Amino acid sequence: MSFLAKQLITRPTITTRTLSAHGIRAYSIPAPAHKNTVNIVEVGPRDGLQNEKGSVIPADVKVELIERLIEAGATSVEAGSFVSPKWVPQMAGTADVLKSINPKHRTNIHLPVLVPNKKGLDDLFKLLDEHPGVTDEIAVFAAATESFSKANLNCSIAESLAKMSEVTRLATERGLRVRGYTSVVVWCPYEGRTNASKVREVTKELLDMGCYEVSLGETVGRGRPHEVLEMLEEVAKAVDPGKLAGHFHDTYGTGVANMLAALNFGLRTFDSSVGGLGGCPYSPGATGNVATEDLLYTLQDSPYHVAGASTTSKSGGIDLEKVSDIGWWISQKLGRESVSRVGRAIKARKSREEALKSKL
Ligand SMILES: CC(C)(COP(=O)([O-])OP(=O)([O-])OC[C@H]1O[C@@H](n2cnc3c(N)ncnc32)[C@H](O)[C@@H]1OP(=O)([O-])[O-])[C@@H](O)C(=O)NCCC(=O)NCCSC(=O)C[C@@](C)(O)CC(=O)[O-]
């Protein structure tokens with residue numbers, strides 16, 4: 001681990017000092033140096049659902065999921081993908097989802113959709129011709145290793161960047177915002193540990209082509225905070241950390257710790273998935289994104305404020321209790337329980353409260 005990474009991870013604060021007095025080493029929440037607003041991009045309806053096996057989840061369930069997340073205060077919700085339905089069957093019908101979202105739920109809300117090539121963009125433009133305003137944002141995506149690029153996009157990194165560049169230019173000309181993703185930023189399922197200088201190169205190229213922000217995908221979910229910091233130090237040699245977002249899968253349970261390490265480093269936008277849903281179809285064994293509930297709870301009552309439009313939340317702009325309920329609702333639709341640790345704790349607390357009430 002580099003000297004700077006060690007400093008960043010062990011920098012003493014009141015919290016770490018208190019904990020270390022008890023022999024506990026923690027990734028603490030430092031007092032914000034400047035900007036203390038954290039943005040969450042909810043990726044459950046896209047990253048969360050894209051890997052579901054079995055029959056395609058009906059559009060009305062996806063629409064209800066998105067509308068409920070917006071109602072809970074989320075202001076950026078990834079709504080689906082314009083990718084090949086042969087490659088990712090669950091994302092077929094994203095156009096139907098977008099056009100079914102009640103316009104009153106779209107006000108001041110970003111609903112980005114993944115677009116990998118000109119064909120996907122043409123399909124989106126056709127939708128926008130018929131239903132103007134259904135989205136104002138797309139996301140383009142590239143990888144930091146050749147093997148992942150081939151598996152995910154069926155082309156080399158250079159070829160993918162050329163396609164993404166054309167898509168970004170055309171989308172920007174049409175007035176859309178473009179977000180970028182760099183995948184496999186720490187580990188690659190096919191090549192092992194990723195070379196951070198490649199992450200830097202790809203990320204810089206995505207920003208140079210016109211992405212307003214690049215989300216760094218820890219696709220495999222096995223990265224640890226010190227590895228995330230080493231990667232960030234390398235990327236920050238060429239890129240302003242304010243233009244980076246963290247996208248942590250939680251396969252090994254390090255998602256929250258990685259978010260805190262990246263927050264400490266200066267990142268202020270994080271992707272997460274309600275109920276911890278998800279996984280990438282081309283990242284074997286990877287589980288879902290870090291759960292939105294887990295991020296919200298971690299930041300609640302801290303010096304950071306989560307941006308959002310909730311009018312009911314007691315802390316932060318996204319209502320944790322509502323998100324927890326949504327996590328359970330969608331997980332049950334998929335025939336399972338919510339995997340969010342916080343979602344499970346909230347449900348258990350509510351059951352105890354109900355039991356107590358019924359005894360009174
Ligand atoms: C990019 C392609 C299409 C190349 O796939 P290809 O097979 O090389 O494409 P092609 O241009 O040769 O076309 C083959 C067929 O696909 C069709 N096609 C071609 N493009 C489209 C399109 N846009 N929409 C609909 N259909 C399309 C095209 O029309 C043709 O149809 P046919 O003539 O055989 O009937 C394919 O590899 C693909 O769709 N990949 C998507 C992969 C994907 O969605 N992965 C998951 C998202 S990325 C992710 O999860 C990571 C992330 C972002 O979350 C961050 C992280 O965690 O790291």
Side-chain angles (χ1 to χ4, degrees), residues 41-52 78-95 112-127 137-145 147-157 159-164 166-167 170-171 178-191 194 198-199 202-203 206 211 213-223 228 231 244-251 255 258 269-273 276-290:
V41 177
E42 170 60 56
V43 295
R46 194 279 301 172
D47 209 350
L49 300 184
Q50 70 182 6
N51 205 24
E52 282 299 314
E78 220 170 51
S81 306
F82 282 76
V83 299
S84 163
K86 287 183 193 147
W87 283 65
V88 187
Q90 281 297 358
M91 290 294 104
T94 292
V113 286
L114 257 58
V115 177
N117 56 16
K118 176 86 169 39
K119 156 91 178 103
L121 193 67
D122 288 344
D123 291 348
L124 176 63
F125 281 0
K126 194 161 165 274
L127 175 72
E137 179 166 338
I138 66 161
V140 295
F141 50 111
T145 69
S147 309
F148 192 83
S149 182
K150 183 73 188 158
N152 199 34
L153 287 163
N154 201 25
C155 62
S156 68
I157 298 173
E159 286 163 343
S160 75
L161 287 168
K163 288 182 197 177
M164 300 305 163
E166 184 192 18
V167 167
L170 294 169
V178 184
R179 190 171 196 246
Y181 278 105
T182 306
S183 283
V184 293
V185 296
V186 178
W187 288 91
C188 169
Y190 312 106
E191 296 186 19
T194 302
K198 198 66 197 173
V199 181
V202 170
T203 302
L206 286 166
C211 295
E213 170 180 275
V214 174
S215 178
L216 298 170
E218 209 286 273
T219 319
V220 182
R222 71 178 273 195
V228 169
M231 177 274 297
L244 299 173
H247 178 106
F248 301 112
H249 284 260
D250 205 18
T251 315
N258 288 338
T269 301
F270 298 97
D271 302 350
S272 61
S273 181
L277 299 173
C280 174
Y282 302 102
S283 181
T287 62
N289 296 88
V290 64

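Counting starts at 1 for both ligands and their atoms, in listed order. A quick note: this is a predicted structure, and the numbers were derived from the prediction, not measured.
Salt bridge Arg179/Asp271: present, at least one basic N to carboxylate O contact under 4.0 Å. Contact check on Asp122 versus Lys126 returns no salt bridge, with no Lys/Arg side-chain nitrogen under 4.0 Å from an Asp/Glu carboxylate oxygen.
Geometrically, Arg46 engages Tyr181 in a cation-pi contact, judged by NZ or CZ lying under 6.0 Å from the ring centre and within 45° of the ring axis.
Side-chain atoms of Thr194 do not come within 3.5 Å of backbone N or O of Val185 as any donor-acceptor pair. Side-chain N or O atoms of Asp47 include none that pairs as donor or acceptor with a backbone N or O of Gly278 at under 3.5 Å.
Residue-level contacts of ligand 1 at the 4.0 Å heavy-atom threshold are Arg46, Asp47, Gln50, Phe82, Val83, Ser84, Pro85, Lys86, Trp87, Val88, Leu114, Pro116, Asn117, Lys119, Gly120, Phe141, Asn152, Leu153, Asn154, Tyr181, Ser183, Gly217, Thr219, His247, His249, Cys280.
Judged by distance alone, the side chains of Thr203 and Thr182 do bring a donor and an acceptor atom under 3.5 Å apart.
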